[in-house]
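Every heavy atom of this structure was used, including side-chain atoms; hydrogens, water molecules and symmetry mates were not.
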Amino acid sequence: MTPPRTPDAPSATAPGTPPSGASGASGASGASGAPGGQRTPRATPGPDRTPRPDAPLRVAVVGGGPGGLYAAALLKRLDPARDITVWERNAPDDTFGFGVVLSDETLGGIEHADPTVYRALQRAFVRWDDIDIVRRGLTLTSGGHGFAALGRRTLLRILHDRCEELGVRLHFRTPAPPAADLAGDHDLVIAADGINSTTRNAHADVFHPRVTTHRCRYIWLAADFAFDAFRFDIAETEHGVMQLHGYPFERPEPGPHPQSGHPGEPPATGASTVIVEMREEVWRAAGLDECDEQQSAERCAKIFAEALGGRPLRGNNSAWTAFRTVVNERWSHGNTVLLGDAAHTAHFSIGSGTKLAVEDALALAACIEEHPSLPDALTAYEAERRPVVESTQRAAAASLRWFEDLHTYLDQPPRQFAFNLLTRSRRVTHDNLRLRDPAFTRTVEDDFGCPPGTPPMFTPLRLGGLTLRNRVVVSPMDMYSATDGNPGDFHLVHLGARALGGAGLVMTEMVCVSATGRITPGCTGLYTRAHTTAWRRVTDFVHEQAPGTAIGVQLGHSGRKGSTRLMWEGIDQPLPDGNWPLVAASPLPYRPGVNQTPHQLDHAGLTLIRDQFTAAARRAADSGFDLLELHCAHGYLLSGFLSPLTNHRTDAYGGSLANRLRYPLEVFDAVRDVWPGDRPMTVRISATDWAAGGTTADDAVEIARAFAAHGADAIDVSTGQVVPDERPEYGRSYQTPYADRIRNALRVPVIAVGAISSWDDVNSLLLAGRTDLCALARPHLYDPHWTLHAAAEQDYTGPAAPWPAPYRAGSRTPPTGRTDAPRPRLTLTGKPKPNP
């Protein structure tokens, strides 16, 4: 028998440092999934299984956290002949952190893989449905979220007991030998040694880890009473904004007890995790950087006294730390494999640290059972888990950034603020929240201004003198189908079809202001009278055949990215012949050795191109466009002035951000002067270059601020495409946080773009106040009638999405397959029929 134990942290976690993400934690999204979420059974063993001769028999587990322990227990249960040892450098009664949150999906996998562990967890879990959001004295509650939590100490005790029962050797207070040594005399080495993994660091040349430290400080504490809901509480102090994430993890004892506690009342029973978080600069300004554990707990209890009912907070080797996101290019090296925080971390605000580690263990055990060799099993394990982990990390990153920028949302209307918090990770959406808590969601819709039966996307928006009937934009998309800059029948059909499809605003591709400002020979222009006539044909069709749909033109100059082939003939590749000279802010080729070196624009060249923009703007007005957008993104000419990666000038147009803004603002002012005053003008920017040393999110706010001050009616917020070695963080709605930040920092209208593909996402982004318009590109290529179909799928038939008269017969979803087939009989009673 081992002595009584309390849970221990992953073996590479230094004393006094909570294991990041290892304790579950707060978060409305991703912490438990929707009630009744799908379960994914894995690794269900038979009681009399015969071990495979090639299966790993000697297994070493480095780190005694939940992931390492559960992997050991599963592998031993699946093959009792295995010799499995777990090394944990901390004592069995050491523990870091408090509560752990697991999802229904994770529990389903545990239930199928090891019913014994599942039953023990079921007995220990605290379940609750509500989330309380407290801001400026107002509490808003959203229900239907379905959380399950238990103490980290309890979880590890369950796993310790299960490992002992199965015959797994547990070495406490014993640092593991180096993984390289273990790999020599074990068939498999599982590195579950946490965020500070010594195994990962020792083989960094193979795993290629990237560790990113973020901008907030946080501390894990506990309160000796049970919150009656998942609680988010915001304190606006003289030093800045602080936030509390709290949730129960131990049940109150039977009998009456106060739900949240008030001074003078007897203390409630149970326990709750309390995480206090704030920006680094706020933490330092408050003097918390100089506080020890006890002082920190006392200060936090005082700051959040109302939430705690005057009760104290306690620590447990608690220390302020900054969250670090861990990403590895590879998860295995020979017979050594990373698991849990050693392989990846996800911010605690979505409660997925322990969840991911346990699911890693399930997948690893299953893959070892299913594949004939260890290399195949480890390859399959990573292939199965990496997409899930990357999706979770994207959600966690969105949630993390939201809390980093919390101060920018505090002036939102109360219910919009609450909705924004609940949907911050993009895993909880408008449609999902309507199922969880329809009454709460309806109040948010009412505050937004949605008439009954009207989804947010079908509410109008006014920009300047133009009213858009809905919030959907067909994003600018280069078609590379013009001849000598002239839009032809293709453009008439392409843009006309999308106008008929119901969007509030249809945008042209980038229309070039000169022949030498084209990207390719197939790009459209507005530098001749013939171009004006050709575009007038398109705008007349839109206005006559799709009344109520606005059409906008995007003006731009290719800069150093010009004189290339059509996209499908070799994107960004120079023409085989007939190339024209390029100009740019600085003489830097887009791809050295591939693309030509542009000439740096001198004063005469700057004046010429500015005049070309104004001439094109006059032609755009004569062409009948309702809106004009100035293209200052994606590495084209004006974008090239904004980014420090592409602007190396030493004159008045280079150096500081104010100088780099000078020429784009001069062009904007010149265009604004000739563009009709009652027609809106927007600017598209790249809010980040996705590359070191380039435009940052903070820069983007200042760039947007400058254009708004000069009269831009909205900022179209895109990202990247400035330098070829960019590293975008692709994923669903991955660019929208940049629009969100600009909108809520500056209170200017924005257009969000970037992998927005569903009407549910559009509604969610609008209702949360992250954007004013949503621009969709590829979905409109797949379905020109995307907006009308979105209306039909939401049973909306109002004025914001009218079907063209010739199409009204198709406004209902057509039936598919037979509908007259006999229904299947599910049961037969076998009883004889009574006599008539």
Side-chain angles (χ1 to χ4, degrees), residues 37-63 66-86 102-118 159 162-163 166-168 179 182-183 186-192 199 206-207 328-340 342-344 352 354-392:
Q38 287 189 339
R39 295 179 174 180
T40 52
R42 296 295 272 144
T44 305
D48 56 353
R49 179 192 176 280
T50 302
R52 289 198 322 265
D54 57 344
L57 293 178
R58 295 201 70 207
V59 180
V61 181
V62 183
L69 290 168
Y70 194 51
L74 282 177
L75 289 169
K76 186 69 172 177
R77 181 170 187 260
L78 290 167
D79 188 345
R82 288 184 175 124
D83 183 305
I84 302 178
T85 305
V86 177
L102 294 175
S103 70
D104 288 341
E105 184 179 12
T106 304
L107 291 174
I110 293 173
E111 180 181 11
H112 285 82
D114 194 333
T116 300
V117 171
Y118 177 75
L159 294 175
R162 186 57 171 152
C163 284
L166 292 168
V168 174
L182 292 171
H186 288 79
D187 301 302
L188 174 66
V189 179
I190 300 173
T199 305
V206 176
F207 296 123
N328 286 277
E329 289 186 11
R330 292 184 58 183
W331 291 3
S332 64
H333 169 44
N335 63 345
T336 299
V337 62
L338 302 178
L339 184 146
H344 46 71
S352 290
T354 301
K355 174 184 186 302
L356 288 176
V358 169
E359 290 177 352
D360 282 355
L362 283 165
L364 178 62
C367 289
I368 287 172
E369 293 304 295
E370 295 166 354
H371 293 273
S373 70
L374 183 63
D376 289 343
L378 298 185
T379 298
Y381 158 70
E382 183 170 345
E384 176 178 330
R385 291 296 297 155
R386 184 177 285 278
V388 176
V389 167
E390 289 178 346
S391 175
T392 302

Are any of the side-chain heavy atoms of [X] and [Y] separated by less than 4.5 Å?
X      : Y      : result
Leu362 : Leu74  : yes
Asp376 : Glu370 : no
Val388 : Arg385 : yes
Trp331 : Leu364 : no
Tyr381 : Ile368 : no
Asp360 : His344 : yes
Leu69  : Val61  : no

Checking side chain to side chain contact (heavy atoms under 4.5 Å, CB included) between Val62 and each of Thr85, Val86, Leu182, which is the one that passes? Leu182

Nearest non-hydrogen partners of [X] and [Y], listed with the distance:
X      : Y      : value
Gly67  : Ala361 : O-CB, 3.7 Å
Leu338 : Ala343 : CB-CB, 3.7 Å
Leu78  : Ala365 : CD1-CB, 3.9 Å
Ile190 : Ala71  : CD1-CB, 4.1 Å
Val206 : Ser332 : CG1-O, 4.2 Å
Asp114 : Tyr70  : CB-OH, 4.0 Å

Quick check against the 3.5 Å criterion: does [X] have a side-chain atom that pairs as donor or acceptor with the backbone of [Y]?
X      : Y      : value
Arg82  : Leu75  : yes
Asp83  : Arg58  : no
Asn328 : Ala342 : yes
Asn335 : Leu374 : no

Distance check, rounded to the nearest 0.5 Å: Glu359 atom CD versus Ile110 atom CD1? 8.5 Å

Stepwise, does the side chain to side chain contact (heavy atoms under 4.5 Å, CB included) test hold for Thr392 with Lys355? CA-CA 11 Å; Thr392 302; Lys355 174 184 186 302; 5.7 Å; no

Looking at Glu369 and Arg77, is there a salt bridge between them, counting it only when a charged N and a carboxylate O are closer than 4.0 Å? no

